[in-house]
Amino acid sequence: DFALARRPTYVKVDLDAILNNLKILKANLASHTEIIGIVKANAYGHGAIPVAKFLEGHGISHFAVATALEGEELRTAGIHCNIQVLGNAVEDDIPTLYQNRLIPTIADEIFLSSWLCYWRRMQSNTLGVQTDHPVGSVVIKIDTGMSRNGCQPEKLQSLIEVCENNRIPIHSVMTHFAQSWDDPEFTQLQMDIFMETVEPYRKRGLKLHVANSGAIARKVGVDLDFVRPGISMYGQPPDTSEYGISMTKSMGLKPAISWYAKPTIVNQLEPGRFVGYDKTYKCSKRETIATIPLGYADGYLRNLFGQSYVTTLNGTPCSVVGRISMDAITVKLPDDVNESEFCVISADLNDCNSVVEISRKQNTIPYEVCTNINKRVPRVYK
Ligand code: PLP
């Protein structure tokens, strides 16, 4: 694996775990409900292109990314499926959206009219006469209470009219939940607003989707046309609560990401020697300190200072001591540890260096820990 990585540190992505998670998620859905695989932010750090290719090979026909450039990256890599770009669509993105056949998520008529103009201009013949090609499809997003992306419910009608009058295909209509994992009442409120808003148009066969991982776990919106799992597909809980961990375990989801490294040097240091920037760690006796070639620029964040561990491959914790540098950490090895390979992030939810445990220490959520792992750390797929 290190040879594959061409660097003495690599992130291992367990594609079988992703497949396992996908099967579990599917078992929670109605038989007609399709999955939109969320592969934004480099597939939550797992590598957008290999993950999307893998999912495409396992029958996933829709993906969503956050930016038009992320969509372009997937198209360039040969992904053929539908690719939705989440977030409020903006005019500056239109050429990239058009060239890569991406599906924008729209929230206002201003974007729609720019979209229409661009498509008409690109598809008119040399005399400037409009040909009869359809315009690229769009997803309409309704804001049902998160107040971030999407149109207000009362705007849906006019957006649908603009689309219908101009033969802009509506791929689907969606909303997004603010707290589907642990606030079922608010989620239901959002769901009710959504279903009420789309009700008059359902006869026209509009496709609908609402559910992220939290909603799928709680079986909200799992019988609509699509669901949009992200974090659960990667086998992590959305937060660091005991509820999150036990729910993830009881569903049978498996973390797909782990991170390994080999020391670049191991020193026996005399008592009194300092380790790292700012001399924050001083050896109290003769100690074995290993330097591991990854740091905060790789996504092993500096605020883990004084509280993190790497483990040996059989699980012995070794304290990370001293400051976390940009490109290196220093690890105090217990006397009986003589290993040449360490686990920096474990795929086992019970370990002291699981994504959840690291999230706790950083006072953040598993999404941030995974997406922070920089692209310069090679990914190895198993
Ligand atoms: N749908 C939308 C619109 C999102 O922004 C996200 C992620 O932020 C998801 C779905 C996936 O959410 P999760 O990773 O919690 O499943």
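All ligand and atom numbering here is 1-based and tracks the order in the structure. All residue numbers refer to positions in the sequence shown, counting from 1. Note: hydrogens, waters and symmetry copies are ignored here, and every other heavy atom, side chains too, is used.
Ring geometry for Y98 versus Y118: interplanar angle over 60°, hence perpendicular rather than tilted (30 to 60°). Note: Y234 and Y44 have tilted aromatic rings, judged against thresholds of 30 and 60 degrees for the angle between ring planes. Classified by interplanar angle (parallel below 30°, tilted 30° to 60°, perpendicular above 60°), the ring pair F54/H58 is tilted.
We find that R7 and D298 are joined by a salt bridge, their nearest charged nitrogen and carboxylate oxygen being less than 4.0 Å apart.
Criterion: ILVMFWY side-chain heavy atoms under 4.5 Å apart, direct or through other members. Under it, I289 and Y300 are not part of a common hydrophobic cluster.
Listed by chain and residue number, the protein contacts of ligand 1 are I38, K40, Y44, L86, K141, R148, M174, H176, N212, S213, R228, P229, G230, I231, Y367 (heavy atom within 4.0 angstrom).
Heavy-atom contacts from other residues, nucleotides or ligands closer than 6.0 Å to CZ of R204 number more than 12.
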